[in-house]
Amino acid sequence: MTALLNRLMAAPSRIGALASVTFIQLVRMKVFVFLAFFALALILLQSLRINDVLGPETYGRNELALLKNTAVGGMRLFGLLFAVAATSLLLPKDTEDRIIYTILCKPVPRFDYLLGKAFGVLAVLGVALLCMDALLSAILEMRTATVLYEQSEVMRAAGLTESQMQPYLEGIRQAGLTWDLQAALLVMFMEWAVLTSLTLFFSCFTSSTLTSMIFAFGFYIVGSFQTQFFGFALHGQDGVDQTLLNATEFFGAIVPNFQIYAISDAGINGRPISSGLIGMLALITCAYFLFHLCMATWIFRRKEF
């Protein structure tokens with residue numbers, strides 16, 4: 001009993017050590033080079049007046065919305081690609097470098113090993129997201145101030161009063177930097193966490209990095225259109241076969257429903273995301289994450305090292 005308690009108490013330090021090693025390992029792969037390209041792209045968008053290129057329909061809040069959606073789209077693409085590519089490389093690289101033999105010959109539970117790896121990937125993603133968020137927030141705040149000043153001058157020249165200007169100016173502020181945008185980025189990070197654990201699960205039973213990447217992206221695409229898939233499978237059937245119904249229910253329980261994370265689009269577009277909804281998404285994310293880790297551990301224990 002005492003030995004079990006000692007192992008449980010030592011688990012956080014083991015997981016933390018594995019996560020820090022994974023973090024350093026991924027940083028050495030120069031993954032943060034993308035941040036330099038992201039910064040250059042944002043600075044270019046900041047210096048380039050979009051409305052001068054695309055026309056007058058992009059003036060005002062549309063200019064801010066376009067800037068924000070473009071930047072967040074780049075952030076999401078980076079997160080999805082990194083979550084799959086980095087996680088798929090971890091186990092094969094540890095096996096190739098024989099690091100995994102050194103770790104697992106010690107009293108390190110396989111669940112702790114996999115959890116440390118997942119946390120290391122999420123730590124890199126978290127740092128990258130914070131850096132991109134800080135840069136986007138600074139540029140978006142500057143651009144919002146510029147657009148507010150320009151539009152105010154235009155409306156004053158047109159003879160509008162302050163009370164008449166306020167609704168339009170408030171719409172511009174909502175299209176700029178808001179707490180709803182931060183909530184949307186948090187939801188996006190939850191999506192990355194689920195994709196990371198799913199990829200780790202596939203990498204435990206596939207011998208090829210490319211194969212685990214294909215599986216992960218395939219399941220992500222299917223999970224992103226889960227509702228449409230079920231609707232197509234059950235469409236037009238007067239009496240749904242119980243086997244098909246059970247199969248769709250089982251599929252829905254196993255494959256993560258990535259459509260639930262599309263709520264982040266509302267925050268990006270300035271619409272509020274309630275704290276209750278974020279809490280519910282956090283619970284669902286934790287459930288998916290632990291389920292994938294448990295399944296990955298079950299498969300990983302049957303491997304000979």
Side-chain angles (χ1 to χ4, degrees), residues 14-39 72-100 102-104 108 110-133 135 185-221 223-224 256 258 261 285-286 288-293 295-297 299-300 303:
R14 284 196 304 266
I15 295 169
L18 288 165
S20 63
V21 170
T22 304
F23 180 87
I24 295 171
Q25 182 182 4
L26 292 174
V27 169
R28 286 175 178 170
M29 293 180 185
K30 300 180 180 179
V31 297
F32 287 106
V33 172
F34 174 84
L35 297 181
F37 287 106
F38 182 79
V72 174
M75 294 163 69
R76 173 174 274 126
L77 181 62
F78 162 77
L80 296 177
L81 292 176
F82 180 82
V84 173
T87 309
S88 298
L89 288 169
L90 288 178
L91 295 185
K93 185 169 179 59
D94 278 3
T95 304
E96 181 183 346
D97 297 340
R98 306 189 70 82
I99 297 174
I100 194 170
T102 305
I103 295 174
L104 295 182
V108 177
R110 280 162 167 74
F111 180 83
D112 291 1
Y113 172 77
L114 293 176
L115 187 60
K117 288 294 178 182
F119 280 173
V121 175
L122 293 180
V124 177
L125 284 171
V127 172
L129 181 62
L130 288 175
C131 293
M132 291 186 289
D133 183 22
L135 183 60
L185 296 179
L186 177 59
V187 172
M188 190 168 65
F189 182 78
M190 295 180 194
E191 183 183 26
W192 295 349
V194 174
L195 187 58
T196 298
S197 63
L198 181 65
T199 307
L200 191 61
F201 165 68
F202 286 128
S203 66
C204 284
F205 69 82
T206 57
S207 57
S208 169
T209 299
L210 181 60
T211 304
S212 61
M213 291 176 65
I214 292 173
F215 270 113
F217 278 124
F219 270 65
Y220 176 76
I221 293 172
S224 298
F258 287 103
Y261 300 104
T285 299
C286 290
Y288 278 136
F289 189 84
L290 290 175
F291 174 73
H292 294 150
L293 260 292
M295 292 297 294
T297 303
I299 295 173
F300 200 52
K303 283 193 170 185

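In this chain, residues are counted from 1 in sequence order. Model, not experiment: these values are computed from the prediction. What's counted below: heavy atoms across the whole structure, side chains too, no hydrogens, waters or symmetry copies.
- Atom CG of Leu115 and atom CZ of Arg14 lie 11.0 Å apart (nearest 0.5 Å).
- When all heavy atoms of Met188 and Leu129 are compared, the closest pair comes out as CE-CD1, 4.1 Å.
- Side-chain contact between Leu125 and Thr196 is present, with heavy atoms from C-beta onward closer than 4.5 Å.
- Between Leu26 and Ala86 the shortest heavy-atom distance is CD2-CB, 3.9 Å.
- Taken to the nearest 0.5 Å, the NZ atom of Lys117 stands 9.5 Å off from the CG atom of Leu200.
- Taking CG from Leu198 and OG from Ser212, the interatomic distance works out to 10.5 Å, rounded to the nearest 0.5 Å.
- Checked against Val121 for a side chain to side chain contact (heavy atoms under 4.5 Å, CB included), the options Leu90, Leu195, Thr199 give a single hit: Leu90.
- Within the 4.5 Å cutoff, side-chain heavy atoms of Leu91 are placed close to those of Tyr113.
- At most 12 heavy atoms of other shown residues, nucleotides or ligands fall within 6.0 angstrom of atom CZ in Phe215.
- Classified by interplanar angle (parallel below 30°, tilted 30° to 60°, perpendicular above 60°), the ring pair Phe258/Tyr261 is tilted.
- How far CD of Glu191 is from OH of Tyr220: 4.0 Å, rounded to the nearest 0.5 Å.
- Using a 4.5 Å cut-off on side-chain heavy atoms (C-beta onward), Phe217 and Leu81 make contact.
- Note: Leu293 CG to Phe300 CZ = 11.5 Å, rounded to the nearest 0.5 Å.
- With rounding to the nearest 0.5 Å, the separation of OG1 in Thr87 from CG in Leu122 is 7.5 Å.
- With sequence neighbours left out, Phe289 forms a ring-ring contact (aromatic ring centres under 6.0 Å, His included) with no residue at all.
- With contacts defined as side-chain heavy-atom distances shorter than 4.5 Å, the pair Thr22/Phe119 does not qualify.
- In terms of heavy-atom proximity, Met132 sits nearest to Phe78 at CE-CD2, 3.6 Å.
- Counting heavy atoms from C-beta outward, Met295 and Phe205 have side chains that stay 4.5 Å or more apart.
- Remark: Ser197 engages His292 in a side chain to side chain donor-acceptor pair (under 3.5 Å) (not counting sequence neighbours).
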